[in-house]
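For reference, the structure is listed below as structure tokens.
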Amino acid sequence: MTTAHDECPTLSEHAGDTDALGAPAAAGIAETVGRALAMAAAAASPSRPGDTAEIQAITDAMIRLLVGTPLRSDGQLTIKSLAQEAGLKRNKLTHKHTGLKDLFYALVRMQDTRPRVVDGLKRTNDELQQKITRLRAERDRLRTDVQQLVRVVHLLEVENQQLREAASSDGVVRVLPVQHRPSTR
């Protein structure tokens with residue numbers, strides 16, 4: 001039988017990864033406390049192995065979130081993401097395993113780094129903010145250009161109207177001679 005623990009890597013299995021070498025101490029604490037709680041739950045109520053599996057799934061999910069390698073969630077350090085990462089309903093954390101919920105919040109508070117997912121989102125957000133700034137500047141420049149073109153068109157319309165009035169006052173239409181330029185072939 002495969003359990004959630006068998007499918008999920010532990011912190012020690014992440015030790016070979018170069019990204020996980022700087023894994024926060026919070027993940028190690030979560031792993032240690034989770035193992036202790038799972039053993040205690042198994043010893044206290046051997047007739048309910050589901051509790052042990054839930055504790056193990058929550059612990060493994062905590063480790064993945066704290067290290068920054070989520071498998072099933074968005075990687076945010078929230079109870080909603082923790083429950084999604086563990087494959088459980090959120091009420092399992094808010095009503096049944098409140099100690100693990102409190103532990104998770106404490107570990108999140110003691111972390112001084114953000115998960116890689118958040119760093120990526122921050123980088124994307126910064127790029128989009130720069131793009132917005134560029135687009136706003138271009139929009140303002142185009143608005144100025146449009147206003148200037150409107151003034152030019154208005155001036156040309158006024159001049160055209162004056163020329164029509166001048167041409168129609170004497171009733172004579174004059175054809176201007178066309179000058180042919182020699183081709184430069």
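In this text, all values refer to a predicted model and were calculated from it rather than measured experimentally.
The backbone N or O of Thr94 lies less than 3.5 Å from no partner atom in the side chain of Thr98, so there is not a single donor-acceptor pair. A distance-only check finds no donor-acceptor pair linking the side chain of Ser81 to the backbone of Leu77 [under 3.5 Å].
Distance CD/Glu157 to CD/Gln161: 9.5 Å, rounded to 0.5 Å. Taken from NZ in Lys131 to CG in Asp126, the straight-line distance is 15.0 Å, to the nearest 0.5 Å.
The shortest heavy-atom contact between Gln84 and Asp74 is OE1-N, 4.4 Å. Nearest approach of Leu65 to Pro70, heavy atoms of both residues: CD2-CB, 4.1 Å.
Each salt bridge (Lys or Arg N to Asp or Glu O under 4.0 Å) pair with one or both residues in residues 75-94, not counting sequence neighbours, appears once here: Glu54-Lys92, Arg64-Glu85.
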Could you list the donor-acceptor pairs under 3.5 angstrom formed between side-chain atoms of residues 141-153 and any protein atom two or more places apart in sequence or on another chain?
from   : atom 1 : to     : atom 2 : distance (Å)
Arg141 : NH1    : Asp145 : OD2    : 3.4
Thr144 : OG1    : Asp140 : O      : 3.0

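By the 6.0 Å contact criterion, CZ on Arg139 is enclosed, its count of non-hydrogen atoms from other residues, nucleotides or ligands being greater than 12.
Residues Glu127 and Arg123 meet the side-chain proximity criterion, which asks for heavy atoms closer than 4.5 Å.
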Next item on the list: Please report the C-alpha distance between Tyr105 and Ile79 in whole Å, then the side-chain angles of each, then the deciding distance to 0.1 Å, and finally whether the side-chain contact (heavy atoms from CB on, under 4.5 Å) criterion is met.
Entry: CA-CA 8 Å; Tyr105 278 144; Ile79 290 299; 3.0 Å; yes

Next item on the list: Check the pair Leu82, Thr78 against side-chain contact (heavy atoms from CB on, under 4.5 Å), reporting the backbone distance first and the verdict last.
Entry: CA-CA 6 Å; Leu82 178 61; Thr78 62; over 6 Å; no

